[in-house]
Amino acid sequence: MTKNTADETKKTYTKQGAADSAARKGTRVMGTVLVTSGTGKTGRRVAERLAALGVPVRAGSRAGSRAGEVPFDWQDESGWAAALDGTEAAYVAYYPDLAVPGAAGAMAAFGRVAAASGLRRVVLLSGRGEPQAAVAEEALRGACGEVELTVVRSAFFAQNFSEGALLDSVLGGELVFPAGSTAEPFLDIDDLADVVVAALTGDGHAGAVYELTGPRSLTFQEAAEELGRAAGRPVRYVPVSAPAYAEVLEGFGVSGPEAGFLAELFATLLDGHNSATTDDVKRVLGREAKEFTAFTREAARDGAWHG
């Protein structure tokens with residue numbers, strides 16, 4: 001993975017294209033940005049890009065123990081006002097998912113605190129084609145008053161195969177998942193982070209809802225084949241039902257209720273209604289979204305599947 005140093009971050013940011021003139025058009029110097037879940041897959045990338053642009057960043061984490069981090073826990077509202085104090089904008093990535101019970105309530109509460117703090121702008125990460133996530137979006141929109149809100153709805157992350165829940169499956173050569181033969185336009189998280197930063201730092205995004213996808217839809221069988229070629233090891237896709245996948249998750253130590261929720265969520269999202277691609281990455285950044293093949297090659301080069 002890319003080293004988390006200032007020089008490497010700047011090199012990576014430029015290489016990934018987020019410094020394209022189209023992406024930077026309208027960009028202005030901003031005050032401090034709170035990045036909730038600032039050490040997670042998306043939050044870390046957003047924080048790195050903001051820092052590379054010279055934007056002051058406050059990374060929220062439950063521990064808040066390292067330099068540049070502040071305590072921020074979605075289960076403890078008491079610390080939110082302090083984390084937002086003096087900030088101008090925020091990237092909101094709710095953990096574990098906007099579709100879970102209680103997410104809408106948390107979004108409404110965050111919106112009220114954000115409005116009271118004088119926050120100017122919020123960019124919210126949401127799930128594409130998730131009805132319950134849309135309810136949470138509306139809860140935030142209704143509570144944040146004059147705060148500018150941009151919603152970024154994401155397709156299935158390509159990085160789930162390289163640094164997420166499915167990494168061990170790829171390493172083990174057997175990708176067990178409840179997707180059937182449905183195609184999905186996997187999104188590279190680097191593209192997501194670039195869009196988020198453009199919305200945080202540029203004008204013209206207030207009120208927008210972006211649906212981000214990769215440029216091509218693949219079935220999980222096709223994805224497994226590409227992953228295998230890049231990783232240099234056979235990767236076989238094994239389609240299973242949602243209940244069977246819940247049992248797999250429980251075998252990895254996930255609690256029964258959470259395993260059942262996740263399995264049903266994946267099965268619902270991968271029923272075909274999210275298969276179409278969009279051009280929203282290009283609309284925001286002025287360039288095409290990253291191809292899944294390019295993602296697999298870069299991940300292999302960076303050692304994602306050397307385990």
Side-chain angles (χ1 to χ4, degrees), residues 34-47 59-64 69-80 83 90-111 113-114 122-141 143 151-169 176-179 184 186-187 189 192-193 196 211-212 242-243 245-271 274:
L34 172 66
V35 178
T36 69
S37 304
T39 57
K41 286 197 295 293
T42 69
R44 173 173 55 82
R45 287 172 166 85
V46 169
S61 69
R62 280 181 288 183
E69 294 181 7
V70 295
F72 189 94
D73 188 342
W74 282 115
Q75 305 305 314
D76 183 6
E77 183 181 339
S78 66
W80 298 355
Y91 170 54
V92 175
Y94 181 76
Y95 180 83
D97 190 274
L98 277 186
V100 304
M107 287 300 99
F110 182 85
V113 176
V122 169
V123 177
L124 172 67
L125 174 63
S126 187
R128 184 175 184 235
E130 292 185 39
Q132 291 306 311
V135 173
E137 294 171 15
E138 286 302 313
L140 177 59
R141 186 175 288 110
V151 176
V152 177
R153 295 173 178 166
S154 176
F156 197 94
F157 293 155
Q159 276 78 1
N160 285 335
F161 298 112
S162 61
E163 56 187 84
L166 297 178
L167 171 59
D168 287 342
S169 296
V176 179
F177 212 69
E184 172 70 13
F186 300 102
L187 176 72
I189 296 181
L192 169 73
V196 168
E211 294 207 359
L212 305 185
Y245 187 64
E247 292 182 6
V248 171
L249 292 176
E250 289 186 56
F252 283 101
V254 180
S255 68
E258 183 179 359
F261 167 79
L262 289 173
E264 287 298 331
L265 176 63
F266 288 138
T268 299
L269 294 178
L270 295 165
D271 65 359
N274 282 332

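These numbers come from the heavy atoms of this one structure, side chains and all, not from hydrogens, waters or symmetry mates.
Under the 4.5 Å side-chain criterion, counting only non-hydrogen atoms from C-beta, Arg141 is not in contact with Leu124. Counting only heavy atoms from C-beta outward, the side chains of Val152 and Ser126 never approach each other to under 4.5 Å. The shortest side-chain heavy-atom distance between Leu125 and Leu192 falls under the 4.5 Å cut-off. When side chains are defined from C-beta on, Phe157 counts as touching Lys41, because their heavy atoms get closer than 4.5 Å. Counting heavy atoms from C-beta outward, Val92 and Met107 have side chains that approach closer than 4.5 Å.
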Practice problem: Test Phe266 against Asp271 for side-chain contact (heavy atoms from CB on, under 4.5 Å), laying out the working first. | Solution: CA-CA 9 Å; Phe266 288 138; Asp271 65 359; over 6 Å; no
Practice problem: Please report the C-alpha distance between Arg45 and Glu163 in whole Å, then the side-chain angles of each, then the deciding distance to 0.1 Å, and finally whether the salt bridge (Lys or Arg N to Asp or Glu O under 4.0 Å) criterion is met. | Solution: CA-CA 13 Å; Arg45 287 172 166 85; Glu163 56 187 84; 2.9 Å; yes
Quiz item: Going through the distances and angles, do Val113 and Glu77 end up as a side-chain contact (heavy atoms from CB on, under 4.5 Å)?
Solution: CA-CA 9 Å; Val113 176; Glu77 183 181 339; 4.0 Å; yes
Practice problem: Run the numbers on Arg44 and Thr39 for side-chain contact (heavy atoms from CB on, under 4.5 Å), then give the verdict. | Solution: CA-CA 5 Å; Arg44 173 173 55 82; Thr39 57; 5.8 Å; no
Practice problem: List the steps and the verdict of side-chain contact (heavy atoms from CB on, under 4.5 Å) for Val35 and Thr42. | Solution: CA-CA 10 Å; Val35 178; Thr42 69; over 6 Å; no
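Scanning for side-chain contact (heavy atoms from CB on, under 4.5 Å) contacts around Ala99 gives Asp97, Glu130, Gln132, Phe261, Leu265, with sequence neighbours left out. A search for ring-ring contact (aromatic ring centres under 6.0 Å, His included) contacts involving Tyr245 returns Phe177, not counting sequence neighbours.
Rounding to the nearest 0.5 Å gives a distance of 4.5 Å between OG of Ser154 and CG of Leu187.
With Arg153 contributing its side chain and Gly129 its backbone, the two residues share no donor-acceptor pair below 3.5 Å. Checking side-chain atoms of Trp74 against main-chain N and O of Thr36 turns up no donor-acceptor pair under 3.5 Å. Asn274 contributes a side-chain N or O that, together with a main-chain N or O of Arg128, makes up a donor-acceptor pair within less than 3.5 Å. Using a distance-only test at 3.5 Å, with no hydrogens or angles considered, a donor-acceptor pair links the side chain of Gln159 to the main chain of Ile189.
Considering all non-hydrogen atoms of both residues, Val70 and Ala83 come closest at CG2-CB, 4.1 Å. The shortest heavy-atom contact between Ala63 and Pro71 is O-CG, 4.4 Å. Scanning all heavy atoms of the two residues, the minimum distance from Ser61 to Glu69 falls at OG-OE1, 2.9 Å. Heavy-atom minimum distance, Ala139 versus Ala104: CB-O, 3.3 Å. Of all non-hydrogen atoms in Ala242 and Ala263, the two that sit nearest each other are O-CB, 3.2 Å.
With ring centers used as reference points, Phe110 lies 6.0 Å or more from Tyr94.
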